[in-house]
Amino acid sequence: MAATRSVLLFLAATCALVGAVRLPSFIGSGMVLQRNVPARLFGWETVANKVTISFLGQQFVATPDAQGWWNVSLPPQPNSGPYEIDITPSIGASIKLTDVVFGDVVVCSGQSNMELGIIATVDQAATLAAASQYSNNIRVLQVANLDSYGNVSSPQLDFTVSQPWARSSASNLPYFSALCYFYAVELLKTEVSPIAYFGLIDSSWGGTLMEPWMDPDSLHACGEGDFSSTTSQGNTNTDFTLPSFLRTPQPHPKRKSDNQASGPSAKREVGGVPSKPSTLFNSMIAPLVRTPIRTVLWYQGESNAGNPVAYARCFPSFIVGWRRQWYQGTGGSTDPDLPFVFVQISSWPSLDNGMIATQRWAQMAALSLPKVGMAVSADLGDPASPFHPIHPPWKAEVARRVSISALNVVYGNTQYPRFGPKLTQVYVDDWSVSWGDYHLGFGSGVCGAGSGFLCLGIRLVFDEPLNITSTYGLNYGYPSGFELFDRTGNVFQPATLTTILNENTVQLNATWVWYGSNGRPTVLRYAWHDYPSMFLFNGDGQPVPPFNASLV
């Protein structure tokens, strides 16, 4: 029934627009165009032989091709607006776009952690009540989830929207991506961020693998034409279809376009989660690649946790592919190294079989690329959350961490880290060399000759000062978050976090128990659990990401 309704809406809209200029669903009044680069407008006109666009006293003429497709570029504009744009065909009625501004356009994509709206966060009532204070600065657009998108085999020029361009308000934000919205709020509060306007595009779908979001060339480049079959376990066990009361937005009493679905089914039609490679790229991303943007925010990976090796290989390829698509699609008006900031996935306290921890490692492969940032969320899972621990309810805090990374990779402020404090050096000594009587085991004779114990002093040096703190979540795994293991990888023992020395140096005391031929410990790991203990943070509250460090 839902699919039939969509077809009828499309046919009705098409009949009404015969002989008239038509615009894609993401070009309209209230929109944000990317500042400081040529802005692109495009659409269809099958009757007129030219289309004239009037903007700031200038006229720009486009000639439709054989399929009626036309496009023009407007001169670059700084943070500014609102403006009016008149689009006039040589035959037929014109269109006036109003309240158009220039700022930064952000595409927010991924699975449920990106899709979850403000109603699935803490302090939702206060957030919605305050939305009007950003009504001028934050504009939002949301792409609908239609069953048909799971079978789209070629790139499209348009999609259906569940929320056309609109100003931030309590009425249109409950089901809009909370992370996407809070990101803009955080940057607007930051004096070092030069943004007056944000255009936020929410194109996400809960439970999805990465493959449907990848273009075919990127899949081929990473050697995976279709690896969805090998990740089915991850898709089943590490993400959930959102409860119906979270997935069904209220009808929006806004203007309607030919691609705006209406009523309760606007965000999602009844049906399964798309899994075919490239289908969501073709249907929900490809229409946008002709529009210059500033940033992509990405929160996905839970559904691919069953195959972290493939994800580590293909995640960088995915980013490179989107960058290529936007650079070519906008004729060079989008940065060839389009900034990406992704969220390292959160926690799963009842699982703890290493699948989530290993997937976090796989995600970090993308940090080898320029202008890629990461926000850590492993300490933000909430076992008592009605939305499942893998969905942090503190999305404002996730967004704050994303915005700090963005200040570096998007806005070039290198005083902020791309992905939190970085381990730079590791020093390992037997207790008698480095710590003497200070070692916790010495006083009881534990570390004596022939005792069966090896006592180590380990110093970790980071690239910035740290604090020992824990604000969110609970303490799972080993209390300090640190573990040692031997060359076989089978023997794990905790290390004690003692103190912070000289601000950026962490001291650990470790008592290693000899087990036959296991030898000395060879690797130290931190926060390497599906629900880890995390205590190391920088001055901005950015956690030290999970890591493995060699001790040999």
Result block: side-chain N/O donor-acceptor pairs under 3.5 angstrom for residues 290-297, not counting sequence neighbours:
from: Arg294; atom 1: NH1; to: Asp104; atom 2: OD2; distance (Å): 3.4
from: Arg294; atom 1: NH2; to: Val410; atom 2: O; distance (Å): 3.0

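- Taken from OG in Ser204 to CE in Met114, the straight-line distance is 7.0 Å, to the nearest 0.5 Å.
- Across all their heavy atoms, Val409 and Phe340 have their closest contact at CG2-O, 4.3 Å.
- A donor-acceptor distance shorter than 3.5 angstrom exists from the side chain of Asn538 to the backbone of Asp540, with no hydrogens or angles considered.
- Counting only residues at least two apart or in different chains, disulfide bond (SG atoms under 2.5 Å apart) contacts with residues 107-189 comprise Cys108-Cys180.
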CA sep, side-chain torsions, deciding dist, call: Thr127, Val185, side-chain contact (heavy atoms from CB on, under 4.5 Å): CA-CA 11 Å; Thr127 298; Val185 169; over 6 Å; no
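- Not counting sequence neighbours, the partners of Ser283 by the side chain to side chain contact (heavy atoms under 4.5 Å, CB included) test are Tyr149, Val152, Leu280.
- Formation of a donor-acceptor pair under 3.5 Å by the Gln142 side chain with backbone atoms of Gln163 is not found in this model.
- Contact check for Tyr299 versus Ser346: side-chain heavy atoms found under the 4.5 Å cut-off.
- A donor-acceptor contact shorter than 3.5 Å links the side chain of Ser347 to the backbone of Ala378.
- Counting heavy atoms from C-beta on, the side chains of Ile404 and Glu186 never come closer than 4.5 Å.
- Nearest heavy atom pair, residue Ile285 against residue Ser203, reads CD1-OG, 3.9 Å.
- Under the 30°/60° scheme for interplanar angles, the aromatic rings of Phe102 and Phe55 are found to be tilted.
- Checking side-chain atoms of Trp326 against main-chain N and O of Leu288 turns up a donor-acceptor pair under 3.5 Å.
- Side chains of Tyr175 and Ile119 form a contact here, defined as non-hydrogen atoms less than 4.5 Å apart.
- Asn136 has its side chain within reach of Tyr197: a pair of non-hydrogen atoms, C-beta onward, lies under 4.5 Å apart.
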Check the pair Phe198, Val101 against side-chain contact (heavy atoms from CB on, under 4.5 Å), reporting the backbone distance first and the verdict last. CA-CA 9 Å; Phe198 276 102; Val101 298; over 6 Å; no
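- Summarising the local packing, CZ of Phe42 is surrounded by more than 12 heavy atoms from other residues, nucleotides or ligands at distances under 6.0 Å.
- Across all their heavy atoms, Asn145 and Glu115 have their closest contact at OD1-OE2, 3.4 Å.
- Note: Phe318 and Phe315 have parallel aromatic rings, judged against thresholds of 30 and 60 degrees for the angle between ring planes.
- A distance-only check finds no donor-acceptor pair linking the side chain of Ser73 to the backbone of Arg40 [under 3.5 Å].
- Considering CH2 of Trp70 and CD1 of Ile53, their distance stands at 4.5 Å, rounded to 0.5 Å.
- Residues forming a side chain to side chain contact (heavy atoms under 4.5 Å, CB included) with Asn36 (at least two apart in sequence, or on another chain): Pro78.
- Tested against Val100 for a side-chain contact (heavy atoms from CB on, under 4.5 Å), the candidates Leu74, Ile85, Val32 yield a single pass: Ile85.
- With hydrogens and angles disregarded, no donor-acceptor distance shorter than 3.5 Å links the side chain of Asp99 to the backbone of Pro82.
- Across every non-hydrogen atom of Asn304 and Met210, the tightest pair is OD1-N, 2.8 Å.
- Legend: residues meeting salt bridge (Lys or Arg N to Asp or Glu O under 4.0 Å) with Arg400, ordered by chain and number and at least two apart, are Glu397.
- In this structure Arg324 satisfies the salt bridge (Lys or Arg N to Asp or Glu O under 4.0 Å) test together with Asp215, sequence neighbours excluded.
- In this structure, the side chains of His388 and Glu302 stay at 4.5 Å or more apart for every pair of heavy atoms.
- Between the side chain of Ser29 and the backbone N or O of Thr98 there is at least one donor-acceptor pair closer than 3.5 Å.
- Judged purely by atom type and a 3.5 angstrom limit, Glu211 has no side-chain atom pairing as donor or acceptor with the backbone of Ser275.
- Going from atom CG of Leu380 over to atom CG of Asn113 covers 10.5 Å, rounded to the nearest 0.5 Å.
- For Asn137, the side chain to side chain donor-acceptor pair (under 3.5 Å) criterion is met by no residue, not counting sequence neighbours.
- Counting only heavy atoms from C-beta outward, the side chains of Phe26 and Val161 never approach each other to under 4.5 Å.
- Every residue meeting the ring pair (Phe, Tyr, Trp, His ring centres under 6.0 Å) condition with Trp44, not counting sequence neighbours, appears here in chain and number order: Trp69.
- At a threshold of 4.5 Å between non-hydrogen side-chain atoms, the residues Trp322 and Ser109 count as touching.
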Would you please test Leu116 and Thr121 for side-chain contact (heavy atoms from CB on, under 4.5 Å) and show each step? CA-CA 8 Å; Leu116 278 167; Thr121 64; over 6 Å; no
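- Remark: side-chain polar atoms of Thr334 are not paired, donor with acceptor, to backbone N or O of Tyr327 under 3.5 angstrom.
- Under the side chain to side chain contact (heavy atoms under 4.5 Å, CB included) criterion, Pro543 pairs with Val376, Asp379, Arg401, Met534, Phe537, not counting sequence neighbours.
- Contact record, Leu157 with Pro24: O-CB, 4.4 Å, taken as the closest heavy-atom pair.
- The CD1 atom of Ile118 lies 11.5 Å from the CG atom of Asp123; values are rounded to the nearest 0.5 Å.
- Smallest separation of non-hydrogen atoms from Leu338 and Arg323: O-NE, 2.8 Å.
- In this structure, Ser278 OG and His220 NE2 are separated by 12.5 Å, a value rounded to the nearest 0.5 Å.
- Between Asn282 and Pro155 there is a side-chain heavy-atom pair separated by less than 4.5 Å.
- A distance-only check finds a donor-acceptor pair linking the side chain of Arg418 to the backbone of Val372 [under 3.5 Å].
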Between side-chain atoms of residues 362-369 and protein atoms elsewhere (two or more places apart, or another chain), which donor-acceptor pairs fall under 3.5 Å?
from: Gln363; atom 1: OE1; to: Ile345; atom 2: N; distance (Å): 3.0
from: Gln363; atom 1: NE2; to: Gln300; atom 2: O; distance (Å): 3.2
from: Gln363; atom 1: NE2; to: Val343; atom 2: O; distance (Å): 3.2
from: Ser368; atom 1: OG; to: Ala365; atom 2: O; distance (Å): 2.9

Would Ser135 and Ser169 count as a side-chain contact (heavy atoms from CB on, under 4.5 Å) here? Give the steps. CA-CA 6 Å; Ser135 65; Ser169 72; 5.9 Å; no
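- How far CG of Leu173 is from CD1 of Ile138: 8.0 Å, rounded to the nearest 0.5 Å.
- Checked against salt bridge (Lys or Arg N to Asp or Glu O under 4.0 Å), Asp86 has the following partners two or more places apart in sequence or in another chain: Lys96.
- Pro75 pairs by the side chain to side chain contact (heavy atoms under 4.5 Å, CB included) definition with Gln58, Phe60, Gln77, not counting sequence neighbours.
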